[in-house]
Amino acid sequence: MAVFTPVPFDTARNLLLRLGLGELQNLEGIEGGIENTNYFATTDQGAWVLTLFERLTAEQLPFYLRLMKHLAQRGIPVPEPAADARGQLLHSVCGKPAAVVNRLAGKSVLVPEPQHCAAVGDMLARMHLAGRDFELRQPNLRGLPWWNETAPLVLPHLDEAQAALLREELAYQNHIAASSRYAALPRGPIHADLFRDNVLFDGDRLSGFFDFYFAGVDTWLFDLAVCLNDWAIDWHAGRHDPLRAAAMLDAYQAVRPLEAAERQLLPAMLRAGALRFWISRLWDWYLPREARMLKPHDPAHFERVLRERATHPAFILSESATA
Ligand SMILES: Nc1ncnc2c1ncn2[C@@H]1O[C@H](COP(=O)(O)OP(=O)(O)O)[C@@H](O)[C@H]1O
Ligand SMILES: N[C@@H](CCOP(=O)(O)O)C(=O)O
């Protein structure tokens with residue numbers, strides 16, 4: 001479920017009127033999602049999504065909301081937050097920080113073909129370039145410092161082999177992050193969680209990237225690695241899928257060719273992307289913040305992806321990344 005805070009109809013109606021979005025006709029809680037309270041709201045002027053933020057603070061939110069506005073204004077299909085008469089994008093509903101965005105058309109494609117992966121690669125590169133002149137800076141809050149802080153909390157729940165994998169991978173990623181090659185990677189605002197369920201397709205047309213609430217400034221390569229780890233693997237074995245990966249990488253590089261340092265570090269970032277979601281899934285699994293909120297994702301999946309990425313590091317470069 002994803003209505004943690006019930007919103008009375010009149011409360012939503014008043015907000016939508018104040019934002020100049022029309023007269024509320026229908027308000028419906030959205031089932032999906034594990035982070036926030038979401039409603040679909042239909043007015044006589046269009047279809048909107050009302051989100052109440054359950055975990056993110058009013059200090060953190062302007063980065064995400066202004067980033068979405070920035071990208072939407074540059075033609076990237078992302079939800080555009082609605083401003084009030086003072087230009088504010090962040091509102092307050094039932095005591096929670098809240099935002100209203102336009103509802104994007106389309107559906108998630110959970111079993112993508114190479115052409116879907118290509119569409120994501122193409123739009124991801126466009127989004128990275130469109131974010132270059134975004135003026136706010138907020139780190140990826142689920143980056144290396146968070147992995148280092150969170151690993152000791154989950155380690156007591158792991159068996160010996162898992163604990164060794166987690167410790168060794170963390171040491172490897174700290175070593176990579178301290179290298180000059182890593183420092184040379186191009187960076188900017190990234191989505192950082194662009195899984196299949198955060199992308200919409202209207203027929204074969206990519207109609208939206210959404211759920212920017214893990215976004216932050218980090219390497220573009222990490223964003224690409226997160227996508228490859230979800231869009232271009234075998235979801236049962238956690239194994240690399242060369243066809244879908246090549247489609248994504250080629251389309252990405254047709255817009256923004258990878259630099260030499262990025263080609264070298266792609267295998268390391270694929271491991272980093274797998275580690276990031278293994279840790280967050282372990283954290284959600286073993287340390288649930290409120291039982292009623294959680295339908296936790298399976299951590300074992302990203303343990304498999306990480307083992308695969310660590311065991312077969314080089315092939316992705318030889319097959320797809322051009323020199
Ligand atoms: N702007 C949007 N346009 C269309 N559908 C949306 C939009 N925002 C959210 N949704 C729908 O709401 C669901 C939950 O949203 P999501 O952002 O994933 O929630 P959470 O942040 O709680 O994980 C999505 O799976 C999608 O179906
Ligand atoms: N994509 C992450 C979980 C984040 O949840 P979301 O519903 O907000 O995208 C994972 O699969 O672990």
Side-chain angles (χ1 to χ4, degrees), residues 1-5 21 27-42 46-56 60-61 64-65 67-69 71-72 76-82 89 96-110 140-142 146-147 150 154 190-202 206-216 222-223 225-231 233 235 238 273-286 288-290 292-306:
M1 62 90 84
V3 174
F4 309 117
T5 307
L21 300 179
L27 185 67
E28 187 191 332
I30 304 179
E31 287 291 318
I34 58 168
E35 288 286 318
N36 301 310
T37 290
N38 287 300
Y39 282 90
F40 287 133
T42 311
W48 318 98
V49 176
L50 166 64
T51 300
L52 273 60
F53 300 100
E54 301 288 348
R55 186 142 71 164
L56 291 166
Q60 294 164 336
L61 283 160
Y64 310 111
L65 299 175
L67 176 59
M68 286 191 275
K69 193 154 192 79
L71 296 173
I76 308 298
V78 304
E80 184 165 358
L89 305 179
K96 300 271 166 74
V100 178
V101 302
N102 55 310
R103 180 174 178 177
L104 301 163
K107 284 203 278 253
S108 292
V109 174
L110 298 180
N140 171 5
L141 299 175
R142 290 279 184 276
W146 187 82
W147 312 344
T150 309
V154 300
I190 66 165
H191 184 287
D193 183 30
L194 199 56
F195 281 47
R196 288 159 291 151
D197 61 351
N198 287 334
V199 177
L200 299 174
F201 282 87
D202 196 3
L206 192 161
S207 53
F209 284 176
F210 68 101
D211 201 0
F212 276 76
Y213 304 114
F214 283 121
F222 180 75
D223 220 8
V226 168
C227 288
L228 287 164
N229 278 346
D230 188 60
W231 290 83
I233 56 154
W235 300 287
L275 178 67
R276 180 267 185 244
F277 287 97
W278 188 32
I279 294 178
S280 63
R281 287 182 172 199
L282 286 168
W283 187 60
D284 282 339
W285 192 272
Y286 290 114
R289 64 198 142 128
E290 272 185 50
R292 77 189 170 93
M293 284 189 178
L294 285 174
K295 248 199 293 173
H297 298 289
D298 177 17
H301 171 69
F302 273 108
E303 181 185 344
R304 283 191 291 274
V305 177
L306 178 56

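Both counts, for ligands and for their atoms, begin at 1 and track the order of listing. Just so it is clear, the model here is predicted, and its values are computed rather than measured.
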Determine whether Cys227 and Leu194 satisfy the following criterion, side chain to side chain contact (heavy atoms under 4.5 Å, CB included), listing intermediate values before the conclusion. CA-CA 6 Å; Cys227 288; Leu194 199 56; 3.7 Å; yes
What part of Phe40 sits under 4.0 Å from ligand 1 if we count only heavy atoms: the side chain, the backbone, both or neither?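 It is the side chain that touches ligand 1; the backbone stays farther off.
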How does Val49 reach ligand 1, if at all, at less than 4.0 Å between non-hydrogen atoms: by side chain, backbone, both, or neither?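 Near ligand 1, Val49 shows its side chain, while the N, CA, C and O stay back.
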If only atom types and distance count, is the side chain of [X] paired as donor or acceptor with the main-chain N or O of [Y] below 3.5 Å?
X	Y	result
Asp298	Ala300	yes
Asn102	Trp48	no
Asn198	Asp193	yes
Trp231	Val226	no
Asn140	Gly216	no

Which ligand 1 atoms are under 4.0 Å away from a heavy-atom of [X]?
X	answer
Val101	1 (N)
Pro79	1 (N)
Ile30	12 (O), 13 (C)

Please state whether Phe210 comes within less than 4.0 angstrom of ligand 1, counting heavy atoms only.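 It does, in that a heavy atom of Phe210 comes within the 4.0 Å cut-off of ligand 1.
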Asn102 near ligand 1, heavy-atom distance under 4.0 Å?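 A heavy atom of Asn102 does come that close to ligand 1.
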Run the numbers for me: atoms of ligand 2, each under 4.0 Å from some heavy atom of [X], listed by number.
X	result
Asp211	6 (P), 8 (O), 9 (O)
Phe277	2 (C), 10 (C), 12 (O)
Phe195	1 (N), 10 (C), 11 (O)
Asn198	9 (O)

Please check whether Asn36 reaches ligand 1 - meaning an N/O of the residue sits under 3.5 Å from an N/O of the ligand, judged on distance alone.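 There is such a contact, yes.
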Is there a nitrogen or oxygen of Arg103 sitting under 3.5 Å from a nitrogen or oxygen of ligand 1?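 No, Arg103 has no N/O under 3.5 Å of an N/O on ligand 1.
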Does Arg276 make a cation-pi contact with Phe222, if we ask for NZ or CZ under 6.0 Å from the ring centre and within 45° of the axis?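 No - Arg276 does not lie over the ring of Phe222 by the 6.0 Å and 45° rule.
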Quick check with a 6.0 Å cut-off and a 45 degree axis cone: is Arg142 positioned over the face of Trp146's six-membered ring?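 Positive - Arg142 is close enough to the ring of Trp146 and near enough to its axis.
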Going by the closest heavy atom to atom 2 (C) of ligand 2, which one wins out of Asn36, Val226, Asp193?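 Looking at heavy atoms only, the winner is Asp193.
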Heteroatom proximity flag, Ser280 to ligand 2, N/O under 3.5 Å: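 In fact, backbone or side chain, Ser280 has no N or O that close.
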Go through the steps for Lys96 and Phe53 under the test side chain to side chain contact (heavy atoms under 4.5 Å, CB included), then give the verdict. CA-CA 6 Å; Lys96 300 271 166 74; Phe53 300 100; over 6 Å; no
Taking the side chain as every heavy atom from C-beta outward, state whether Phe277 and Val305 have any atom pair closer than 4.5 Å.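 SC-SC contact between Phe277 and Val305 ruled out.
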